[in-house]
2 protein chains.
Amino acid sequence: MGRSMATARDVAERAGTSTAVVSYVFNNGPRPVSAETRRRVLEAAAELDYRPNILARALSAGRTYSLGLLIPQIRNPYFATLAEHLENFARQHDHLLLIGDSAGDPEQESAHIGSFIERKVDGVVLVSLLVEPAIQRFAAAGVPVVALHPVPEGVTVSTLSIDYVAAAEASTDHLLSHGYRTLGVVTGPEDSPGTSEHRRGIEWALEKHPRASARYVACPVSRFAARDAVQPWFKQKRPPRAIYCSTDEQAFGVLFAAWEAGLRVPEDVAVMGFDGTSECTVTIPPLASVRQPIEETARRAVELLLDRSNTQAARHVLDYELIPSTSCGC
Amino acid sequence: MGRSMATARDVAERAGTSTAVVSYVFNNGPRPVSAETRRRVLEAAAELDYRPNILARALSAGRTYSLGLLIPQIRNPYFATLAEHLENFARQHDHLLLIGDSAGDPEQESAHIGSFIERKVDGVVLVSLLVEPAIQRFAAAGVPVVALHPVPEGVTVSTLSIDYVAAAEASTDHLLSHGYRTLGVVTGPEDSPGTSEHRRGIEWALEKHPRASARYVACPVSRFAARDAVQPWFKQKRPPRAIYCSTDEQAFGVLFAAWEAGLRVPEDVAVMGFDGTSECTVTIPPLASVRQPIEETARRAVELLLDRSNTQAARHVLDYELIPSTSCGC
DNA sequence: TTGTAAGCGTTATCAC
DNA sequence: GTGATAACGCTTACAA
């Protein structure tokens with residue numbers, strides 16, 4: 001029982017028809033089937049509890065009904081939330097989501113890319129450490145990709161993201177409008193996608209506030225790395241009055257470092273995150289941030305990948321939302 | 001280029017042999033191959049950049065080289081960490097890890113179970129909401145399972161976990177040994193696996209401290225739900241002096257609720273978590289907890305599932321470690 | 001030690 | 001509208 005599933009052949013025999021017709025019924029095509037025959041097939045299938053063998057289907061039809069998600073770190077709540085939403089939308093379309101967590105390691109990322117190609121996923125949602133090689137390999141294998149971060153000009157791929165430069169500028173503006181003059185900036189690694197966009201937005205904002213100055217530090221996107229990265233600032237006589245973080249994950253580490261150094265947030269140092277995960281509402285104190293439209297991103301990413309007519313690489317821009325909260329001082 | 005991969009047939013032709021031998025070489029069996037022939041096959045394979053088609057292999061051999069992980073919530077850092085380690089070990093054994101996140105919803109859990117069975121995973125690591133139905137379905141489909149939580153007596157399945165009762169007792173003992181007399185206990189839902197083990201351990205500890213009393217609340221395993229669940233306590237004139245949480249995830253919400261209510265941790269209220277994720281080291285204040293051996297659990301789970309000789313259901317018990325920290329008052 | 005050929009369970013072409 | 005039948009690419013008896 002359950003040991004060996006019924007096959008299309010069994011259903012065909014019981015319905016007094018052929019395996020071809022069984023296939024036509026279950027796929028609504030490519031040939032038409034009379035109402036009466038269809039009924040008999042569905043009845044037989046129900047009686048035998050027939051479920052098409054996905055593996056056989058994949059081998060024959062060349063589609064696996066699976067999507068890949070490649071991310072730097074599943075422990076980052078932003079990516080965990082993204083994965084949740086993508087999984088929901090993928091399931092609604094009868095697809096399985098494969099999650100490839102690189103854990104910040106390009107080698108693991110590379111292994112996942114190979115794995116996704118090998119398993120012939122129908123499409124990949126990409127948040128990559130090393131954007132260009134990843135895109136090259138998927139392109140060479142004919143796997144559709146949607147990237148969720150900025151990608152260098154000239155690289156042909158669909159992207160789906162907010163305007164990072166504008167969001168960074170708005171966020172910095174918001175911080176500086178409190179009158180804070182000294183800014184600390186925590187970004188991801190120099191070469192990681194998005195870092196230069198954050199910088200550019202921050203610099204644009206700084207131009208409008210000539211008395212403000214900024215110092216920068218780049219570190220891995222982890223709360224632990226960020227804590228370590230800002231500790232030296234907090235030991236100085238004059239720590240930055242406000243800290244801009246390019247991810248919430250890093251901001252979590254900054255909040256801790258401030259607490260550890262005996263600095264009050266926001267009275268002594270203001271902090272701003274980026275991503276706007278719901279975890280921000282229960283940090284101590286609640287974290288101001290820039291909300292990314294995670295659910296909409298997930299919905300559209302799945303649509304883009306599964307819409308097989310859509311073969312154009314396009315750059316889609318979504319809206320962000322500035323979320324002030326206790327940590328920024330308002 | 002990359003469009004259509006080389007097949008075993010191509011390799012066989014180029015090496016002047018048959019597809020059978022190609023298969024023997026790539027699987028190290030089941031028939032022996034002479035050194036010379038093996039060399040020619042490998043050479044031809046390298047020249048053609050041949051990679052066996054995993055789908056075809058799965059269909060033919062009945063193994064998919066994939067493992068499933070079924071968890072209640074990927075956003076919980078404990079499960080995210082578990083997923084990371086499992087993925088690493090699975091990859092070391094050339095297996096892919098499929099993550100099924102139920103998001104606390106039995107219907108989603110059920111859908112994932114169906115999906116894992118349908119895709120014929122070679123084994124499943126189970127952290128389930130509804131243990132028995134899950135185990136039934138996998139058993140009926142002939143899928144090996146390792147459960148990472150307590151499972152009712154009489155259910156035949158391998159388990160791999162710490163002794164929850166003993167750990168809960170030790171943790172409660174530790175709290176009470178500070179002299180705290182009033183204890184608040186936050187557990188997961190009444191019917192979720194583990195809850196009764198936590199309760200039992202706590203009660204054993206309470207018996208040794210006759211002047212101590214406890215009040216209980218059950219809530220979903222989420223920091224948000226836990227925050228809401230303990231808020232009423234913190235509004236009372238005499239909140240519990242110490243709070244035991246059956247997961248770190250819930251303890252995170254308790255720390256926030258205490259802060260929000262103006263209570264100091266640990267001066268006004270002590271807090272203990274459970275799971276011992278590294279996130280505990282950067283909460284405000286750092287969270288005392290019971291460390292689960294996540295990496296070892298992951299390693300052994302993969303070994304158990306892939307060791308095909310091992311068909312016995314056994315209950316494996318791992319060691320936990322009590323981790324005192326600021327939040328408990330020592 | 002190697003080759004032939006029959007599956008694995010679909011899909012889809014092509015003839016009826 | 002329907003039914004044979006040849007793929008899909010691999011594994012593995014069985015024969016040589």
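A, B, ... follow the sequence lines: proteins, then strands. Residue 1 opens every chain.
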Margin query: Between Tyr65(A) and dT10(C), is there a contact of a side-chain N or O with OP1 or OP2 at under 4.0 Å?
Written below: no
Notebook entry, point to check: Can you find an N or O donor on one side and an acceptor on the other, under 3.5 Å apart, linking the side chain of Tyr24(B) with the base of dG3(C)?
Noted result: yes
Notebook entry, point to check: Heavy atoms under 4.0 Å, any strand shown: does Arg38(B) hit a base, just sugar-phosphate, or nothing?
Noted result: nothing
Notebook entry, point to check: Has the side chain of Asp101(B) got a donor or acceptor atom that lies under 3.5 Å from a matching backbone atom of Glu84(A)?
Noted result: no
Item checked: Rounded interatomic separation in angstrom, taking CZ from Arg63(B) and P from dC10(D) -> 17 Å
Next item on the list: In whole angstrom, give the distance that lies between atom CZ of Arg57(B) and atom P of dT11(D).
Entry: 5 Å
Item checked: d(CZ, Arg9(A); P, dA4(D)) in whole Å -> 10 Å
Next item on the list: Give a yes/no on whether any side-chain N or O of Ser23(B) is located under 4.0 angstrom from OP1 or OP2 of dT11(D).
Entry: yes
Note to self: Quick check: do Leu70(A) and Val125(A) have side-chain heavy atoms less than 4.5 Å from each other?
What the structure shows: no
Note to self: dC8(C), OP1 or OP2 - any side-chain N/O from Ser60(B) closer than 4.0 Å?
What the structure shows: no
Next item on the list: Would you mind reporting whether Gln108(B) and Arg91(A) have side-chain heavy atoms less than 4.5 Å apart?
Entry: yes
Check: Ala8(A) near the nucleic acid: base, sugar-phosphate alone, or nothing, with a heavy-atom cut-off under 4.0 Å?
Finding: sugar-phosphate
Notebook entry, point to check: Can a donor-acceptor pair under 3.5 Å be found between the side-chain atoms of Thr37(A) and the base atoms of dG1(D)?
Noted result: no
Check: Is there side-chain contact between Val25(B) and Thr37(B), with heavy atoms separated by less than 4.5 Å?
Finding: no
Notebook entry, point to check: Is it true that atom CG of Asp319(B) has more than 12 heavy atoms of other residues, nucleotides or ligands lying nearer than 6.0 Å?
Noted result: no
Next item on the list: Among dG3(D), dA12(C), dT4(C), find the nucleotide with the atom closest to the side chain of Pro30(A).
Entry: dA12(C)
Margin query: Can you see if the side chain of Ser34(B) gets near the phosphate of dT2(C) - specifically, an N or O under 4.0 Å from OP1 or OP2?
Written below: yes
Item checked: Distance, rounded to the nearest Å, where Asn27(A) contributes CG and dA12(C) contributes C1' -> 10 Å
Notebook entry, point to check: How close or far is atom P of dT11(D) from atom CZ of Phe26(B), stated in whole angstroms?
Noted result: 10 Å
Check: Starting at the 5' end of DNA chain C, which residue's closest nucleotide do you reach first, Pro32(B) or Leu59(B)?
Finding: Pro32(B)
Check: How long is the line joining CG of Asn53(B) and C1' of dT10(C), in whole Å?
Finding: 14 Å
Next item on the list: Return the value, rounded to whole Å, for the distance between atom CZ of Arg119(B) and atom P of dG9(C).
Entry: 17 Å
Item checked: Separation of atom CZ in Arg40(A) from atom P in dG1(D), rounded to whole Å -> 14 Å
Notebook entry, point to check: Using a cut-off of 4.0 Å on non-hydrogen atoms, how would the nucleic acid contact of Ala61(A) be classed: base, sugar-phosphate, or nothing?
Noted result: sugar-phosphate
Notebook entry, point to check: For dG9(C), does OP1 or OP2 lie under 4.0 Å from any side-chain N or O of Thr19(A)?
Noted result: no
